[in-house]
*Asks:* 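Sharing a structure with you now.
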Amino acid sequence: MSENDLLTSLQRISATDSTEELMEDILRLYLDIFPAGNACLFRYSSLCHIAEGIISIDSKGLDYIHSIRDDVKSIPAVHAAIIKLAAVYIPKRECLKQLGTKYMTFTEPIHSLIIIPIFSGTVVFGYIISYKFNDCPIFDHELLSQFTQFGRLVGTIFNKDSKVNTCAHLSKREIEVMSMLANGEIIKQVADSLEISEATIKQYIKSAIKKLGVKNRTQAVAELIRQGIIL
């Protein structure tokens, strides 16, 4: 599938009204395109370097993996994919060393795996992990580049159309600002990216905190993540 065809497919998927359906459809598209037999989707916030499981999918169906919550700085393989903004393949012999024991709690043994960051620009929203594969694929540079491309295009969809505008209280700009903060950007970086003043950014933050009925910026980000408004 060409990049344009993939982007068209993702844009069609993003028209759904349900965030959960959006994520499920993205994983199904991923399994249709790549020689992967499963996909586990995680959200990530660079504000605290925490990743949380959302859903996993394979031939048996859909499952929820909300019980998985980790500091990615303690997981070298995941941290490397996020830092590099590139898909990372881990062979069987390195899995335990790179992941530790927490990710060995999946119901089936992990023989090897791939980690695909979901990002837009330098902002990482989450990542996909696969540890089942079809037809013994060769994870060469070309295939890893295609995985990376998928993560980037999915990140573009999340960044532009990811249901952040479904929050009735907050404006699109307020949610955009809070999303950037959730992904680790400081006020100056947000202001520079959006080409508006730092004072205006602070006003958006203050307004979002008030509308959400929370006490501070951290609580505001947590509430938006809880509601599924930002990933």
Side-chain angles (χ1 to χ4, degrees), residues 14 18-28 30-31 36 38-58 61-85 87-88 90 95 98-108 110 113-120 122-132 147 150-152 154-155 157-159 162-164 166-167 170 175-176 178-185 208 212 214 216-231:
S14 70
S18 166
T19 302
E20 184 171 319
E21 287 182 13
L22 170 65
M23 292 186 290
E24 182 178 343
D25 287 345
I26 285 173
L27 292 189
R28 291 192 185 281
Y30 167 84
L31 293 182
N38 78 320
C40 305
L41 178 64
F42 296 80
R43 65 163 56 96
Y44 169 73
S45 171
S46 59
L47 186 67
C48 50
H49 303 286
I50 295 296
E52 297 177 305
I54 304 177
I55 56 174
S56 67
I57 190 169
D58 61 14
L62 186 70
D63 196 10
Y64 295 93
I65 52 173
H66 300 303
S67 61
I68 301 178
R69 189 174 189 272
D70 282 309
D71 181 345
V72 300
K73 290 187 295 182
S74 67
I75 310 172
V78 176
H79 195 228
I82 289 172
I83 295 299
K84 294 177 180 178
L85 298 177
V88 172
I90 307 297
C95 282
Q98 292 290 327
L99 291 179
T101 58
K102 287 186 179 181
Y103 280 67
M104 301 303 165
T105 59
F106 291 123
T107 55
E108 298 183 39
I110 298 175
L113 59 88
I114 190 165
I115 303 157
I116 304 101
I118 297 171
F119 64 97
S120 178
T122 60
V123 178
V124 179
F125 301 101
Y127 54 90
I128 296 170
I129 286 182
S130 291
Y131 57 89
K132 300 177 185 177
F147 276 114
F150 182 86
R152 177 177 60 80
V154 170
I157 294 298
F158 277 137
N159 193 37
S162 68
K163 309 306 169 191
V164 296
T166 60
C167 181
L170 274 64
I175 298 176
E176 185 177 18
M178 298 307 294
S179 179
M180 294 173 77
L181 292 173
N183 284 285
E185 296 193 39
L212 290 167
V214 295
N216 54 48
R217 179 169 59 186
T218 301
Q219 289 183 4
V221 168
E223 178 62 18
L224 288 170
I225 290 174
R226 187 190 69 78
Q227 292 183 25
I229 304 303
I230 60 177
L231 297 177

*Asks:* Are Cys95 and Tyr131 packed together at the side-chain level, in the sense that at least one heavy-atom pair is separated by less than 4.5 angstrom?
*Replies:*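 Heavy-atom side-chain distance check fails, nothing below 4.5 Å.
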
*Asks:* Which atom names give the shortest non-hydrogen contact between Pro117 and Tyr127, and what distance separates them?
*Replies:*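 Where Pro117 meets Tyr127 most closely, the heavy atoms are CA-CB, 3.9 Å.
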
*Asks:* Answer whether the closest heavy-atom distance between the side chains of Glu185 and Val123 falls below 4.5 Å.
*Replies:* yes

*Asks:* Looking only at heavy atoms, what is the nearest atom pair of Arg217 and Met178, with distance?
*Replies:* O-CE, 4.1 Å

*Asks:* How close do Gly53 and His66 get, counting heavy atoms only, and between which atoms?
*Replies:*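 Nearest pair, atom of Gly53 first, then His66: O-ND1, 3.4 Å.
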
*Asks:* For the atom pair CG (Leu181) and CD (Glu176), what is the distance rounded to the nearest 0.5 Å?
*Replies:*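 Leu181 atom CG to Glu176 atom CD measures 11.0 Å (nearest 0.5 Å).
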
*Asks:* Which atoms form the tightest heavy-atom contact between Ser130 and Ala36, and what is the distance?
*Replies:* OG-CB, 3.7 Å

*Asks:* Would you say Ile26 and Ile118 make side-chain contact, with heavy atoms under 4.5 Å?
*Replies:*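 No, every pair of side-chain atoms sits at 4.5 Å or beyond.
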
*Asks:* Out of curiosity, Ile65 CD1 to Leu41 CG, how far, rounded to the nearest 0.5 Å?
*Replies:* 7.0 Å

*Asks:* Between atom CD1 of Ile54 and atom SG of Cys40, what is the distance when rounded to the nearest 0.5 Å?
*Replies:*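 It is 11.5 Å, given to the nearest 0.5 Å.
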
*Asks:* Working to the nearest 0.5 angstrom, can you tell me the gap between Leu224 CG and Gln219 CD?
*Replies:*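 Rounded to the nearest 0.5 Å, the CG-CD separation comes to 12.0 Å.
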
*Asks:* Out of curiosity, Phe119 CZ to Phe125 CZ, how far, rounded to the nearest 0.5 Å?
*Replies:* 10.5 Å

*Asks:* Taking the side chain as every heavy atom from C-beta outward, state whether Ile128 and Phe150 have any atom pair closer than 4.5 Å.
*Replies:*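 Yes; the side chains approach each other to less than 4.5 Å.
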
*Asks:* Can you find a pair of side-chain heavy atoms, one from Tyr44 and one from His49, that are under 4.5 Å apart?
*Replies:*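 Touching, per the 4.5 Å side-chain cut-off.
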
*Asks:* Ile116 versus Tyr30: any side-chain heavy-atom pair under 4.5 Å?
*Replies:*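 SC-SC contact between Ile116 and Tyr30 confirmed.
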
*Asks:* Any non-hydrogen side-chain atom of Leu62 less than 4.5 Å from a side-chain atom of Leu27?
*Replies:*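 Not in contact.
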
*Asks:* So, for Val88 and Ala80, which heavy atoms are closest and what is the spacing to 0.1 Å?
*Replies:* CG2-C, 4.3 Å

*Asks:* Out of curiosity, Ile129 CD1 to Asn38 CG, how far, rounded to the nearest 0.5 Å?
*Replies:*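 One gets 9.5 Å once the value is rounded to the nearest 0.5 Å.
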
*Asks:* Determine whether Ile50 and Ser45 make a side-chain contact, defined as any pair of heavy atoms from C-beta on separated by less than 4.5 Å.
*Replies:*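 Contact flag for Ile50/Ser45 side chains = no.
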
*Asks:* Between Glu223 and Leu212, what is the shortest heavy-atom contact and its length?
*Replies:* CG-CD2, 4.2 Å

